Protein chains: 2
Amino acid sequence: MSSMIDPANIVPKYYQLANILREKILNGEFPAQDAIPSERQLEEQYNLSRPTIRQAIDLLERQGYLYRVHGKGTFVSPPKLQKGMLELTSFSEDMRNRGLEPGQRILDFGYVVPSAKIAHQLGLNAPDGQVLRIKRLRYGNDEPIGLQDSYLALGENQSITRDEIEAKGSIYAMLEQKYGIYPTEADETLEVTLATPEEADLLKIPVGSPLLLNERTLWSQDRKAIEFVSILYRGDRYKYFVRLTRKW
Amino acid sequence: MSSMIDPANIVPKYYQLANILREKILNGEFPAQDAIPSERQLEEQYNLSRPTIRQAIDLLERQGYLYRVHGKGTFVSPPKLQKGMLELTSFSEDMRNRGLEPGQRILDFGYVVPSAKIAHQLGLNAPDGQVLRIKRLRYGNDEPIGLQDSYLALGENQSITRDEIEAKGSIYAMLEQKYGIYPTEADETLEVTLATPEEADLLKIPVGSPLLLNERTLWSQDRKAIEFVSILYRGDRYKYFVRLTRKW
DNA sequence: TAAAATGACTGGTAAAGACCACTTAACATC
DNA sequence: GATGTTAAGTGGTCTTTACCAGTCATTTTA
């Protein structure tokens, strides 16, 4: 059974324990709102030290599966709060989450000199870095959903070809695979605009229709700006979702 | 000087250390992108054990001030990423953050039987709990900004009076003070709508103007639903902001 | 000269033990 | 019966000690 800790495993013990406990939460063995075994009990049960137990619980607490009450115990969060942590998703992921098949049409692709606004968002002082612009019409189930204009700040020896984009769809998936760059933080704004004739034409909606404008600056795990992107969503087809937490 | 650990202080040592380090980051003593002293060095410097040091750094890492690189060191995040963690803010806080003075006019106040949608959002099975509805027109610098319709799921012995709302402005501040309830998690959606005649009249905009509809369900630290609220923002006066992280 | 090994640094994981602070229920007291 | 006390259980903090796993400059070796 996989519900034991394997000391030989490369995976850290606290991580193994977290996976075991998460599994028990998800399959209902630990029902919502119930207390899980105390840290001392887990210590005996899994033959681990208390710090290791606490590290596992810390992880699950941050992930929203558990919450602790001093003096009482550690409890299972209701299912509502368990899934879909603070998500930072690409358009493709977002569409799949909504049960739609993502698609795209590339409208523009090439290196450009960034505007002052975009250079600022990407933290480029001198316009030395190469900025790749990718403008795409994005589809959900073959229906135009959004107009995406992306500016990527690539490093010295990094490049992305049009063919790769065509094949993969998701830029983020590609950056992960090719260069080990993971998007970890982003600032987003959302506001309302009205469709210009060009936008209306591409999105197949009347001129002046309300749109949801989403602008995002993305940073990687080493805190370098990766991308500034604006996405114009059809107001009648898209609802933005986000989960927020306040902890500190 | 406050840059030392006080063992007698009620504040935990790891927390004191985190405050000291955060201060050094913010005042530039630890410049962005530079490495801070290693964990062993801090151990000597502050006469603390390494687990305690690590606990402090863990905190600052989660707050976005620092990031670690295995084998190299712990580094200061660029300022862009330091401020304004994942904020879960009330309307009043939000306005103040934007440099505007929040104001309000109460349009409706009283206990109601929740609609099916609202009961579901609040996780009420039977309509036993009392649901307090507060409908308010919200101002920023005396200009109407948003139309807020709030439904509060209060506990047995909890109540809020109209006078308290008038005086305080923020419901959250009141819940914290009176009942120790802290909003810790929320789901939000944003979408575009068009102003109805009633909404247009209240917000002093033309009928059919685009609005930003923000719906939010709020949970407290003990994972109970506190509130479901919808806010209709003037599309020409409001931009939504959020910071996202992906860590696990 | 170039490749490989070394060693000294970094953060990452783990154990064992101690004491504090909060919660609760059983108990003793008035 | 109501009230205050106590004790046991919980998570919270902290120390000491050890070893593992990446990184990188230096040294050794082929």
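No experiment lies behind these values; they were computed from the predicted model shown. So you know, we letter chains A, B, ... as the sequences are listed, proteins then strands, and number each from 1. All values below were derived from every heavy atom in this structure, side-chain atoms included, with hydrogens, water molecules and symmetry-related copies excluded.
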**Request:** Remember a base hit wins even if backbone is also touched, and classify B/Leu48 as base, sugar-phosphate or nothing at under 4.0 Å, heavy atoms.
**Result:** sugar-phosphate
**Item:** nucleotides 18-24 of chain D: protein proximity per nucleotide (B base, S sugar-phosphate only, - neither; heavy atom, under 4.0 Å)
**Value:** BB-BBSS
**Asked** In this structure, are over 12 heavy atoms from other groups packed under 6.0 Å from A/Asp34 atom CG?
**Response** yes
**Request:** Rounded off to whole Å, could you give me the NZ-to-C1' distance for the B/Lys13 and C/dC20 pair?
**Result:** 12 Å
**Item:** C/dG11 OP1/OP2 closer than 4.0 Å to side-chain N/O of B/Thr74
**Value:** yes
**Asked** To the nearest Å, how far apart are A/Leu42 CG and D/dT10 C1'?
**Response** 12 Å
**Complete:** Correct closest heavy-atom pair for B/Asp6 and B/Ala8 would be OD1-N, 2.9 Å
**Prompt:** Can you name the residues that form a salt bridge (Lys or Arg N to Asp or Glu O under 4.0 Å) with B/Glu43, not counting sequence neighbours?
**Reply:** none
**Asked** Of the non-hydrogen atoms in A/Ala225 and A/Ala153, which two are nearest, and what is the gap between them?
**Response** O-CB, 3.9 Å
**Asked** Do A/Phe109 and A/Leu132 have side chains that get closer than 4.5 Å, going by heavy atoms?
**Response** yes
**Item:** Whichever of A/Ile57 and B/Ile53 has its nearest DNA chain D nucleotide further upstream toward 5'
**Value:** A/Ile57
**Complete:** When rounded to whole Å, the CD to C1' distance for the pair B/Glu44 and D/dT15 reads 16 Å
**Request:** Round to the nearest Å and state the distance from B/Glu43 atom CD to D/dC14 atom P.
**Result:** 14 Å
**Value in whole Å for how far the C1' atom of C/dT10 lies from CD1 of B/Ile36** = 12 Å
**Message:** Would you say B/Thr52 places a side-chain N or O within less than 4.0 Å of OP1 or OP2 belonging to D/dT15?
**Reply:** yes
**Item:** Residue-phosphate contact under 4.0 Å: B/Ser49 side-chain N/O, D/dC14 OP1/OP2
**Value:** no
**Asked** Going from CD1 on A/Ile53 to CG on A/Leu42, what distance comes out if it is rounded to the nearest 0.5 angstrom?
**Response** 5.0 Å
**Message:** If only side-chain N and O atoms count, and only distance matters, is there a donor-acceptor pair under 3.5 Å linking A/Glu188 with A/Tyr240?
**Reply:** yes
**Complete:** By nearest-nucleotide position on DNA chain C, the 5'-leaning member of A/Gln55 and A/Pro51 is A/Gln55
**Asked** Can you check whether A/Ser150's main-chain N or O pairs, donor with acceptor, with A/Glu227's side chain at less than 3.5 Å?
**Response** no
**Request:** Write down the distance between OH (A/Tyr67) and C1' (D/dG12), rounded to a whole number of angstrom.
**Result:** 18 Å
**Fill in**
Note: B/Glu29 and B/Asn27 closest approach over all heavy atoms is N-OD1, 2.9 Å
**Integer-rounded Å distance: C/dT10 P and B/Gln41 CD** = 6 Å
**Request:** Look at the side chain of B/Asn214 and the backbone N and O of B/Thr189, then say whether any donor-acceptor pair between them is shorter than 3.5 Å.
**Result:** yes
**Request:** Write down the distance between CG (A/Leu59) and C1' (C/dT13), rounded to a whole number of angstrom.
**Result:** 14 Å
**Asked** Looking at five pairs on each end of the helix from C/dT1-D/dA30 to C/dC30-D/dG1, what is the angle between the two axes, given to 10 degrees?
**Response** 10°
**Message:** At less than 4.0 Å, is any side-chain N or O atom of A/Arg54 found next to OP1 or OP2 of D/dG11? Yes or no.
**Reply:** no
